[in-house]
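Scroll down for the structure; my scribbles are underneath it.
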Protein chains: 2
Amino acid sequence: MSDTNTRPATAVVLFTMDRGLKVLLVGGSRWHLPCGPVEDGESLAACAKRMVTNAVRHSEIYLEQLYTFDGATLGTQGTGIVVTYYALAPLDKVGIPDRDSRWFALADAPALPDGHQRIVDCAGDRLTAKLAYTTIAHQFLPDQFTLAELQAVYEAISQQPLDKRNFRRRLQSSDHLVETGGIRRDGRHRPARLYRLRQPDQVAALRQGNPK
Amino acid sequence: MSDTNTRPATAVVLFTMDRGLKVLLVGGSRWHLPCGPVEDGESLAACAKRMVTNAVRHSEIYLEQLYTFDGATLGTQGTGIVVTYYALAPLDKVGIPDRDSRWFALADAPALPDGHQRIVDCAGDRLTAKLAYTTIAHQFLPDQFTLAELQAVYEAISQQPLDKRNFRRRLQSSDHLVETGGIRRDGRHRPARLYRLRQPDQVAALRQGNPK
DNA sequence: GCGTGTTAGTGTCACTCATACACGAACGCT
DNA sequence: AGCGTTCGTGTATGAGTGACACTAACACGC
């Protein structure tokens, strides 16, 4: 018997960047996405955040709602609805997950329970799409970063190599990057300049000034 | 006391095109969006569809999930979550709404209950965004239409005038339109050619053939 | 201190795409 | 036959995109 009176749950697709894009799965009997029912008095976002914090030791991560599934859209017989989120974090924040959590590349993730694969795919699509018109890629990087690092993030997500010069030109003429003045020495070669992301309100202010 | 165990509800922002973009509100004591709780055994999409059908006499309409709100994101004290949808239909399908429903232009809609205005804004933003990279505008038109009608839809949603020649060139070189061969006489002036939307799978097939 | 290996950083040219813009064509009506 | 109205069309110019190769700066080993 169907019963929509069950608690809604949240499920989270947490990505990080570690030599390619990785997804966090939690184990036990079988690998699946971090998920669980909303508790009394808890908001949806808070619940999703809790799912993440349960698996990795960090709560300051980028979190965005993805889609809301029910038995029909998830392809399961289950009753109740699942509000899904995706989350992004740089590796240095979430590098060591809990004992029964692990990072998987999208290509070689294990079989997931009904519907979970669908959610992962959906998150991947959204991530790829937002790469083009947002600064979402920066969620995988620390505050200061080099252009080569940023390019590596773009290449990992879009799964295609990018031309270095065109990439730099595009990004540098986008108002979003500020050169910090710092450099990073990283081996026996020319050091790289460091950049940081300009705050969105400052970008807006800048454009007001240059309404070109 | 908070209680997330209440039934989820759906709310729908139904748009049509009638000398500009219009939203359907339902009355009674106060104007609000068509909304209501999901029934036992009912899917989310089915519930949203029912909300629409309750207000206008038509069920074959374009329906897409928008966002899922809770008390926190909606700015209300309410418990429970609201899965919102937006829907699009040509005027000739939904022209005569039920007695206590009415079409409002976005600009002169009445004050809405907590959160509903937020949902409408969200739907408007989504609609505008999707205009650019989908064929969503056609949901406002009958099967056969003229380019002038299509342009009017684009102008109403984007709220800016478009250059006729550039518009036509862009659309005609997009693989999505097929000239039907028919024409429409519509007054004492040159008749307009009729077009219809090519089915997405046929567009894909076409692009395979011309992988340019 | 000099050579070598490695990554960082830069400019141009060709081409495509977007924008701005004005007039003849086809019809209904009087 | 003339008029009013909407339909339908081409071009020129500037902006943006994609492809492409070399020098700069450093660490290290000798």
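Here is the naming used below: chain letters follow the sequence lines, and residue numbers restart at 1 for every chain.
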Per atom distances to the Asn166(A) side chain, the nearest of dG5(C), dG18(D), dG8(D) is dG18(D)
Side-chain contact check for Lys164(B): nearest option of dA8(C), dT9(D), dC26(D) is dT9(D)
Any donor-acceptor pair under 3.5 Å between the side chain of Arg165(A) and the base of dT12(C)? no
When rounded to whole Å, the CZ to C1' distance for the pair Arg190(A) and dG9(C) reads 5 Å
Rounded to whole Å, the NE2-P distance (His189(B) to dC29(C)) equals 10 Å
TODO: Scan Arg185(B) against the nucleic acid and name what it touches under 4.0 Å (heavy atoms): base, sugar-phosphate only, or nothing.
DONE: sugar-phosphate
task = Select base, sugar-phosphate, or nothing to describe what Arg193(B) touches, counting heavy atoms under 4.0 Å on all strands.
result = sugar-phosphate
Checklist entry - Within less than 4.0 Å of OP1 or OP2 of dT9(D), is there a side-chain N or O belonging to Arg169(B)? => result no
Between CG of Leu171(A) and P of dG16(D) the distance, given in whole Å, is 16 Å
Do Ser43(A) side-chain atoms and Ala46(A) backbone N/O form a donor-acceptor pair below 3.5 Å? yes
Check whether NZ of the Lys or CZ of the Arg Arg169(B) lies under 6.0 Å from the centre of the six-membered ring of Phe167(B) and within 45 degrees of that ring's axis. no
note: Glu149(B), atom CD; dC7(D), atom C1'; distance rounded to Å ~ 13 Å
Against the side chain of Arg188(B), the closest entry in dT10(C), dA26(C), dG28(C) is dG28(C)
Report yes if some heavy atom in the side chain of Asp186(A) is under 4.5 Å from a heavy atom in the side chain of Thr146(A); otherwise report no.
no
Heavy-atom closest pair (Ala87(A) atom, Ile61(A) atom, distance to 0.1 Å) is CB-CD1, 3.7 Å
Side-chain donor/acceptor of Arg170(A) to base of dG18(D), under 3.5 Å: no
Leu150(B) CG to dC7(D) P, in whole Å, measures 13 Å
Gln151(B) CD to dC7(D) C1', in whole Å, measures 12 Å
Arg168(B) atom CZ is separated from dA18(C) atom P, nearest whole Å, by 18 Å
query: Between the side chain of Asp70(A) and the main-chain N/O of Ile81(A), is any donor-acceptor distance below 3.5 Å?
result: no
Between CG of Leu147(A) and P of dT7(C) the distance, given in whole Å, is 17 Å
